[in-house]
Amino acid sequence: MRWFPFLSSFVAEWRDYPAEVNRVLGQRYLVQAMVGAGSYGLTYKCMDQFTGKPVAVKQARPSKELYARQLLAREATILKSLNHPRIPACIDLFTEHRNEYLVMSFLSGDTLEDLIFEKGKKYGEQDCLRITIQLLELVVYVHSQGYVHLDVRIPNVLFKDEQIYLIDLGLARAIGETPPPQAPAQRCLFQKHTVPSRPFKESEEASDLLDIGHFMLFMLYSAYEPDRDEEGNEKRSWQEELQLSPRLKFMIERLLQLSEPYSSSAEFMHDLKSLLTNNDYE
Ligand SMILES: Nc1ncnc2c1ncn2[C@@H]1O[C@H](COP(=O)(O)OP(=O)(O)OP(=O)(O)O)[C@@H](O)[C@H]1O
């Protein structure tokens, strides 16, 4: 057995041990449940004892040290400059016992990831278009404030009462901003080898549009049922597997930059709306 990796992951788990239910963070936020454990953060649903309202409190993962704290501080700065009812508002950023916490308004709802993979929800073309229009409105808002989200994925989109909410601006950047230095690479035994971290996306609107293309495919695949005679056959492309209308297929190809990319989010919004109002869906 290799002891160094084993010991370091043991130490990381011990350092990242989550706050227990009923603990009070920052002398104000009563932990009610842990709702997320990402690569750089641990997120809790808490009750703000001053206002009686629920809040989401994200803690920088202690084992990820300065890098996680910097990401959290960035997220706070960006959230403070946004003001949208379907994006969390930044309430507070504080340090306690050398741990950094970001407090945000709590947006209730299920993530699209949970709806698809845990609750078995299926989305057809029309649902996909409706949801994407709402999501795009939020992404366009973020762009209009000078930022790109850069992590538009199904676990970062909440859905409640037919409304879409966009969370996790931990990777967001100003449009045109040079990507930051890479996240520290994972060290292996005696530092002989390192595992490179993923390259950063460009800070441009097209990066979010590309993510929206993947987001739409996740939704559309939720309703995909392979034919019995297809099973075991060679892997087919999404264009072959999903029975999409030609216009939607072409739109997704443009988002994924397989055909001429969209010149702007506005052009994509125009296409989305005209496809949805098209009589094909009546
Ligand atoms: N403002 C919020 N309101 C309600 N729930 C939230 C909020 N922010 C985060 N969550 C919940 O916490 C989970 C993790 O949040 P988030 O994605 O921001 O953390 P993360 O550490 O950046 O995760 P990852 O590394 O997976 O991106 C979300 O999937 C969601 O369930």
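For ligands, and for the atoms within them, numbers begin at 1 and follow the listed sequence.
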field: Closest candidate by heavy atom, reference atom 29 (O) of ligand 1, pool Gly38, Gly41, Pro54, Pro155
entry: Pro155

- request: Measure from atom 22 (O) of ligand 1 to every heavy atom in Leu102, Ile91, Asp168 and give the option owning the shortest one.
  value: Asp168

For ligand 1, is any non-hydrogen atom under 4.0 Å from [X]'s backbone (N, CA, C, O), its side chain (CB onward), both, or neither?
X	answer
Ser108	neither
Lys58	side chain
Thr43	side chain
Ala56	side chain

- request: Go through the steps for Met34 and Thr43 under the test side chain to side chain contact (heavy atoms under 4.5 Å, CB included), then give the verdict.
  value: CA-CA 6 Å; Met34 183 161 166; Thr43 308; over 6 Å; no

- prompt: Would you say Ser105 and ligand 1 have an N/O pair spaced under 3.5 Å apart?
  reply: yes

Donor + acceptor pair across side chains of [X], [Y] (<3.5 Å):
X	Y	answer
Glu253	Gln239	yes
Thr178	Arg173	no
Tyr262	Asp271	yes

Which residue owns the protein heavy atom closest to [atom], what's the atom, and how far is it?
atom	value
atom 30 (C) of ligand 1	Ile167 CD1, 3.6 Å
atom 3 (N) of ligand 1	Leu107 N, 2.9 Å
atom 5 (N) of ligand 1	Phe106 CE1, 3.8 Å

task: Determine whether any heavy atom of Ala37 lies closer than 4.0 Å to an atom of ligand 1.
output: no

message: Test side-chain hydrogen bond (donor to acceptor under 3.5 Å, both in side chains) on Tyr44 and Gln59; report intermediate values, then the result.
response: CA-CA 8 Å; Tyr44 310 95; Gln59 174 188 7; 2.8 Å; yes

message: Less than 4.0 angstrom from a charged side-chain N to a carboxylate O is my criterion; do Lys121 and Asp110 meet it?
response: no

